[in-house]
Amino acid sequence: MKEKKDTRMTRGMTLLYALLVVGVGVAIVMKLIDIQWTHGDEWRKRGEKREEGLRTEPARRGTIYSSDGKVLATTVTECDLYLDLDNKVKVDEDGNVKYDSKHNPCETGPIVDSNYQKYLDTVCLMLSEGCPGHSVAYYRDRINRGRANGSKSRCYLVQRGVPYSVWREITRVPGWNRGVVKQVDGQSVVHQVRAHIYGNMAENTIGFRNSLSARSYTGLEGYYDSILRGQDGIYNCRRLTKGLWLPDEPQSREAVPQRTDDDRIDTVIVQRKVDGKSIISTIDTRYQDIAESSLRKALRLYGGSAGCAILMEMSTGYVLACANLAIDTAAHDYREVRDRNVAVSDVYEPGSTFKTVILTAMLNDPAITIDTAMQLKSGYKNFGGKNGEIKDDHTLAGRDSLNVREVIEQSSNVGMSELGWMYYNHRRDTLRRMVEEMFPYAKLNPDVTAPQPSSYVNDLNRSNRDFLNFCYGYSTRVSALQLITFYNALGAGGRMVKPLFCRAIVDGGHTEPVRPVVLNERMCSKASAQMMATLLEGVVERGTGNNIKNTTYGIAGKTGTAVHSYSNRYRYNASFAGFFPSENPRYTCLVMIEDIHAFGRQAALVFKDISDCVVAVDKSLSNGGVKSVWPRLEDDSAKAAQRPMVARGRREGLENAYRRLKVPFVSDDSTTSWVRYLAGDDSVPSRYCGYEPKEGQVPNCSGMTAKDAVAILHSLGYRVSVSGYGKVVSQSPKAGQELHRNGMVELVLR
């Protein structure tokens, strides 16, 4: 009975299992039918969405070049180095360490101990060379600390911003490949970044990225972002494996995605990737380097908080150098600090460099000339009341009268106040209007992205003090870029151009130049501009800027000193603005140093460092930028030959010089010891003629070399004082004046 009962139970269980299998099979078949036919289209679309999708390929950002052909900013590949440092020793069921055939402990983990210890120093050396900020010992200690944490260091950050070449070499170190993490949170550790090839040089001009997440920039990067960034490629791709997608359509097809009524993308067409265009900036690395190094030296010496030095090409407005240095408390030095574009964003009361602007406006009044005299008492005058007291920073001892030329040369605040009070006290709005029409108070909007605070002029009718302050450079706030734009126009005869930081846009083999932009074709008359240029030359020759005179080329400029903060009147903003060579202006430069104890004369020294560099580099500035005066003569082959010209000199020396240069010496007199040059015309050739100095009269030494000028004056019994070097450009007493023997003749050479 028991056997029959077991048999029945077995049959029942078998039947139950069979029915269960049949039921499950039927359910599966029904579900397959439902998926395949009833809801097949819906599930197929869902599958396609999971296996197909749009993938973006970023375009390569364009390169920024300097005007002298150097790479300033470009896109490079960098990596974040993460290591999986977890490592364990295998043990058996009893907890005993397992060993391999060579009796080495069996280990589990990406980097086994033998390879870790053997190649750790090699990896650390690679990192130290690729990221010079840290030593080999630093990386060794850091990796060892991560290794000690065991399983907590499965994704251990060692260093960000590792060059791709170094990262690749680390992945090839024996036994380390599996330990280098390739993805973190689904994102690749390899990414594209902008690299400034010259480090901190001109970084505010080139531009910073605002943040890692944002795709916006400052500087040139920001202004020309639409040109530099190009167009990202958008591809319809199909998933091959996890994390690997392949294009599903040819990349050459292009169209706009079509959208249905319910705002779904119905058909997707690939968008071609277009790399960004490159640009050529106006920055010249040679001039930028000298501007930054000289400005940094001055800041370190005088302890300023910030400063800028700008060099501009006069005819085009191209900014060849723009140094913006500020104190970096972390680095304990002066460097380009992020978002501190001193030249564009800092507005300040300019002080005496603005006297040039005021006087240029005043010269529109025909009653004012450079010889207009003003009465003042040794650098002090009261124009009425306590707020009407004006005094000069330096005492003009014994001088109760100054003309306009001397006021500018000696930078007299009292003199400028007296001039404004005499001619514009009862029409202050007229003076303000003339200045605002001439000076670029409106935002210049240069082609660099940077904050531009508004410039302004105080209400001059509010008080006498505001009006008097305005006459010598206060009661107004401007930026350094606006001020150099004015000086650049003054040197160009009144033609004002916009400052530009980009010279050209490069698209493949085609270069599209950025044309100069004229802001004001006639800021002032040419006569006023020429008169101001003469006055500014006097500032350097005889005035407050005489610490940079005696050069081989002329400089016309103005010193400036303004109170930095009225809470501490012993801290100043020192500046110097001008152009050079003054004989034939080609370049404009402005130097401004904030918050120092010194004065504008110190800023002038930075100006001279920059101008000396430009004159040395620019070969077209032959003989210091003086216009070439070499006449042309026709030789036997009818080709024009050039020869050197000396206005006056000893015949014997000139003949020897011409003979060595293998150029004919043309003269209509062979008897006199001294000769002077006569320019010819179409009928009479250029030639030298005899020159006989008269006894008792000062000879004309203009154009002579120092040697010849001293010789001819000594032959007449005069004593000589020489300053500078080059040729004689001025003398005192003037030629033709009577002077007794043993009298002193002062010569200025350039």
Side-chain angles (χ1 to χ4, degrees), residues 56-81 127 130-133 157 159-168 184 187-233 273-285 288-289 292 319 321-326 328 330-331 335-341 344-345 446-451 501-508 514:
T56 301
E57 183 179 355
R60 182 177 178 85
R61 195 171 180 84
T63 300
I64 299 178
Y65 296 94
S66 68
S67 61
D68 56 327
K70 307 294 194 305
V71 176
L72 295 179
T74 189
T75 299
V76 298
T77 303
E78 284 188 351
C79 310
D80 297 334
L81 179 61
L127 288 171
C131 306
L157 176 61
Q159 179 65 48
R160 295 189 184 276
V162 178
Y164 180 74
S165 59
V166 176
W167 185 83
R168 284 291 296 166
V184 178
Q187 300 293 324
S188 174
V189 298
V190 181
H191 46 266
Q192 304 292 321
V193 297
R194 294 294 277 180
H196 291 180
I197 305 304
Y198 285 87
N200 193 240
M201 178 186 286
E203 279 200 317
N204 276 288
T205 301
I206 299 170
F208 298 94
R209 187 169 182 172
N210 287 326
S211 67
L212 292 176
S213 58
R215 294 190 64 182
S216 59
Y217 297 81
T218 62
L220 287 167
E221 294 269 21
Y223 192 89
Y224 293 96
D225 181 58
S226 59
I227 294 174
L228 290 166
R229 71 167 177 255
Q231 175 181 276
D232 292 344
K273 184 187 78 169
V274 179
D275 289 335
K277 300 176 183 178
S278 297
I279 64 173
I280 301 175
S281 74
T282 59
I283 298 296
D284 189 306
T285 57
Q288 182 72 27
D289 181 55
E292 289 191 12
V319 179
C322 185
N324 297 282
L325 303 183
D328 186 342
R335 62 195 307 273
E336 295 257 353
V337 177
R338 180 183 290 269
D339 298 330
R340 184 72 194 278
N341 196 323
V344 179
S345 303
D447 51 349
V448 289
T449 301
F501 291 83
C502 179
R503 187 180 294 268
I505 299 171
V506 181
D507 184 10
V514 176

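None of these values were measured; they are calculated from a predicted model. The first residue in the sequence is number 1, and the count goes up from there. Values below: every heavy atom of this structure, side chains too, minus hydrogens, waters and symmetry copies.
- Asn324 places none of its side-chain heavy atoms less than 4.5 Å from the side chain of Arg340.
- Nearest heavy atom pair, residue Asp339 against residue Asn204, reads N-OD1, 3.4 Å.
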Quick one: do Thr77 and Gln192 satisfy side-chain contact (heavy atoms from CB on, under 4.5 Å)? Show the steps, please.
CA-CA 5 Å; Thr77 303; Gln192 304 292 321; 3.1 Å; yes
Please walk me through it: do Thr449 and Tyr217 pass side-chain contact (heavy atoms from CB on, under 4.5 Å)?
CA-CA 8 Å; Thr449 301; Tyr217 297 81; over 6 Å; no
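- Considering all non-hydrogen atoms of both residues, Ala73 and Arg194 come closest at O-NH2, 3.8 Å.
- The shortest distance between side-chain heavy atoms of Thr205 and Leu220 falls below 4.5 Å.
- Between Val337 and Ala326, the shortest heavy-atom contact is CG2-O, 3.8 Å.
- Of all heavy-atom pairs between Cys502 and Ala504, the closest is SG-O, 3.5 Å.
- When side chains are defined from C-beta on, His191 counts as touching Asp80, because their heavy atoms get closer than 4.5 Å.
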Assess the residue pair Val76 and Tyr164 against the criterion (side-chain contact (heavy atoms from CB on, under 4.5 Å)); give the C-alpha distance rounded to whole Å, side-chain angles, the decisive distance to 0.1 Å, and a yes or no.
CA-CA 8 Å; Val76 298; Tyr164 180 74; over 6 Å; no
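- Arg229 contributes atom CZ, which lies 13.5 Å from atom OG1 of Thr75 (distance to the nearest 0.5 angstrom).
- A distance of 10.5 Å separates CZ in Arg209 from CZ in Arg338, rounded to the nearest 0.5 Å.
- Looking only at side-chain heavy atoms (C-beta outward), Cys79 and Val190 come within less than 4.5 Å of each other.
- The distance from the OH atom of Tyr65 to the CG atom of Leu72 is 10.5 Å, given to the nearest 0.5 Å.
- When all heavy atoms of Ser281 and Ile64 are compared, the pair lying nearest together is CB-CG2, 4.4 Å.
- Note that the CH2 atom of Trp167 and the CD atom of Gln159 stand 15.0 Å from one another [nearest 0.5 Å].
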Take Arg61 and Asp225 through the salt bridge (charged side-chain N to carboxylate O under 4.0 Å, His left out) test and state the conclusion after the steps.
CA-CA 9 Å; Arg61 195 171 180 84; Asp225 181 58; 2.8 Å; yes
side-chain contact (heavy atoms from CB on, under 4.5 Å) for Val448 and Tyr223? Distances and angles first, verdict last.
CA-CA 5 Å; Val448 289; Tyr223 192 89; 5.6 Å; no
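- Using a 4.5 Å heavy-atom cutoff, the side chains of Asp507 and Ile227 are not in contact.
- The backbone N or O of Arg60 lies less than 3.5 Å from a partner atom in the side chain of Asp275, making a donor-acceptor pair.
- Thr218 OG1 to Glu203 CD: the interatomic distance, rounded to the nearest 0.5 Å, is 9.5 Å.
- Not one N or O on the side chain of Thr63 forms a donor-acceptor pair closer than 3.5 Å with the backbone of Thr74.
- Lys277 has its side chain out of reach of Val506: every pair of non-hydrogen atoms, C-beta onward, lies at least 4.5 Å apart.
- Residues Leu228 and Glu221 meet the side-chain proximity criterion, which asks for heavy atoms closer than 4.5 Å.
- Asn341 places no side-chain N or O within 3.5 Å of a backbone atom of Ala450 that could act as its donor or acceptor partner.
- For the atom pair Ile280 CD1 and Asp68 CG, the distance stands at 11.0 Å (nearest 0.5 Å).
- Across every non-hydrogen atom of Pro58 and Asp232, the tightest pair is CA-OD1, 3.4 Å.
- Residues Glu336 and Leu325 have side chains in contact (heavy-atom distance under 4.5 Å, counting atoms from C-beta outward).
- Between the side chain of Gln231 and the backbone N or O of Ala59 there is no donor-acceptor pair closer than 3.5 Å.
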